[in-house]
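First comes the structure, then the notes that go with it.
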Protein chains: 2
Amino acid sequence: MTKLKLIKDSKQDEDPLLKAAGKLFRQKGFASTTVREIAGAGGMLPGSLHYRYATKESLLLALMEQGITQAINAVRSAIAASRDPIERVRLALRAHLRLLIHEDDTIYVLLYEWRALSGEARETMVRLRDRYDALWDGLLYEAAGTGRLRTEIDLKLVRLSTLGAVNWVAQWYSPGGDLAPDEIADTFANNLLHGILAEDRKE
Amino acid sequence: MTKLKLIKDSKQDEDPLLKAAGKLFRQKGFASTTVREIAGAGGMLPGSLHYRYATKESLLLALMEQGITQAINAVRSAIAASRDPIERVRLALRAHLRLLIHEDDTIYVLLYEWRALSGEARETMVRLRDRYDALWDGLLYEAAGTGRLRTEIDLKLVRLSTLGAVNWVAQWYSPGGDLAPDEIADTFANNLLHGILAEDRKE
DNA sequence: GTCTATACTCTGATAGAC
DNA sequence: GTCTATCAGAGTATAGAC
């Protein structure tokens, strides 16, 4: 009973305050956003905000924790659609990019506001982020296990370069552009998997 | 005579104030850095700083302009070492990453502090950044011109994904690690060029 | 749980002596 | 060109009424 409630609570996360904070942190950055702005956007005054979140940083931490949870859930549910390890990597890439690009701001904040976390909060987030990285490493390990990957490649570097490329999309993507998130993700996956040289291909 | 002086001035850029600002902006971000800190690190007081840079933002702009100039120069001089278009891409990648990772903070600030630029300054930087992008597009276009690239690939997306992966290295690289910047750049280039699948390769 | 009111600190920037 | 001194405003956070 209590367990069920916990799961339910952690799932919805429809706090308008967090939502407003996420939007503002993404637009202007954590340091340039004031608690007055957040409170205002959430429909209240600074004094009320501090009743629920003691400090500005606790707001950031809550946002980031929500972000990493959503990322893990999104990837897990996306990869369930296929049993082919290579295809699962592609699906995971799509899920990650979709979350970063779409309305949800938590992933963006998670990725780009690490500097604003101090000490303790940062350690908490590092542990959570490690889990997400482990999820990816598992996916890549499975892919390598098929024997279809070049044996000399460094899986950790593959993860870092691939997620790096995808995370950077947030810097240049504009919703009005001619490329849909899934197209971008697939192109990235394609270039990564097959390379861009023609001469290396079998035909 | 005056021309020579201009070139000389634009080349050295050893302003200790800019250097201090770059270091601090990288560590804590533009918004979280105070002019008092910058002045202090540069060996003066806030009043003196404002004599040379009217506003905090003008400091950021100067830093970014210096950054993009250094990036263009570094890539240009690096690619001069080879005539092979594919090899030139690899060399450019090395140069870019080396600059981002090494002591120089201007590139990092250039990449990660766009949000802090307002209006006019941002437009200036967009124009300069476009030149750098054009340099890369030229390199990739030459590479495609050899006929050695897959014909259906999107060169712009190749640039965005590759530079994205490299720019993201600043987020996880630690100098004490077991990977040298050039190794990382070469691995990224290798995976991009040849892909990570074994089955697509000729042998 | 939200409001009002405010404490206290720090911010970027300026004026004028040296 | 750097200093001292300071302004005016904005920052987070708190206390207590409702």
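Here is how names work: the chains are called A, B, and so on, in the same order as the sequence lines, proteins then strands, and each is numbered from 1. The structure displayed is predicted, hence computed values, not measured ones.
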Practice task
Scan B:S32 against the nucleic acid and name what it touches under 4.0 Å (heavy atoms): base, sugar-phosphate only, or nothing.
Solution key: nothing

Practice task
Respond yes when some side-chain nitrogen or oxygen of A:H50 is under 4.0 Å from OP1 or OP2 of D:dT14, and no when none is.
Solution key: no

Completion exercise
Closest of C:dG12, D:dT12, D:dT2 to the B:R52 side chain is D:dT2

Handout entry: B:E113 and A:R115 ion-paired at < 4.0 Å
Key = yes

Problem - A:Y51 side chain near C:dT2 phosphate (N/O to OP1/OP2, under 4.0 Å) - result: no

Completion exercise
Residues B:L24 and B:T33: closest non-hydrogen pair is O-OG1, 3.4 Å

Practice task
Calculate the interatomic distance between B:F25 atom CZ and C:dG12 atom C1'; express it in whole Å.
Solution key: 12 Å

Exercise for the section: Using the six-membered ring wherever Trp is involved, compare the ring planes of B:W168 and B:Y112 and label them parallel, tilted or perpendicular (cut-offs 30° and 60°). Expected result: tilted

Completion exercise
Taken to the nearest whole Å, CD/A:E57 to P/D:dG11 is 18 Å

Practice task
Would you mind telling me which of C:dA13, D:dA13, D:dG1 lies closest to the side-chain atoms of B:R36?
Solution key: C:dA13

Practice task
Round to the nearest Å and state the distance from B:M44 atom CE to D:dT4 atom P.
Solution key: 13 Å

Completion exercise
Picking from D:dC3, C:dA13, D:dT12, the nucleotide nearest the side-chain atoms of A:K56 would be D:dT12

Exercise for the section: Output yes when B:D182 and B:R94 qualify as a salt bridge under the 4.0 Å nitrogen-oxygen rule, no when they do not. Expected result: yes

Handout entry: For atom CG of B:L45 and atom C1' of C:dC18, their distance in whole Å
Key = 14 Å

Problem - Under-4.0 Å side-chain N/O to phosphate OP1/OP2 contact, B:S48 with D:dC3 - result: yes

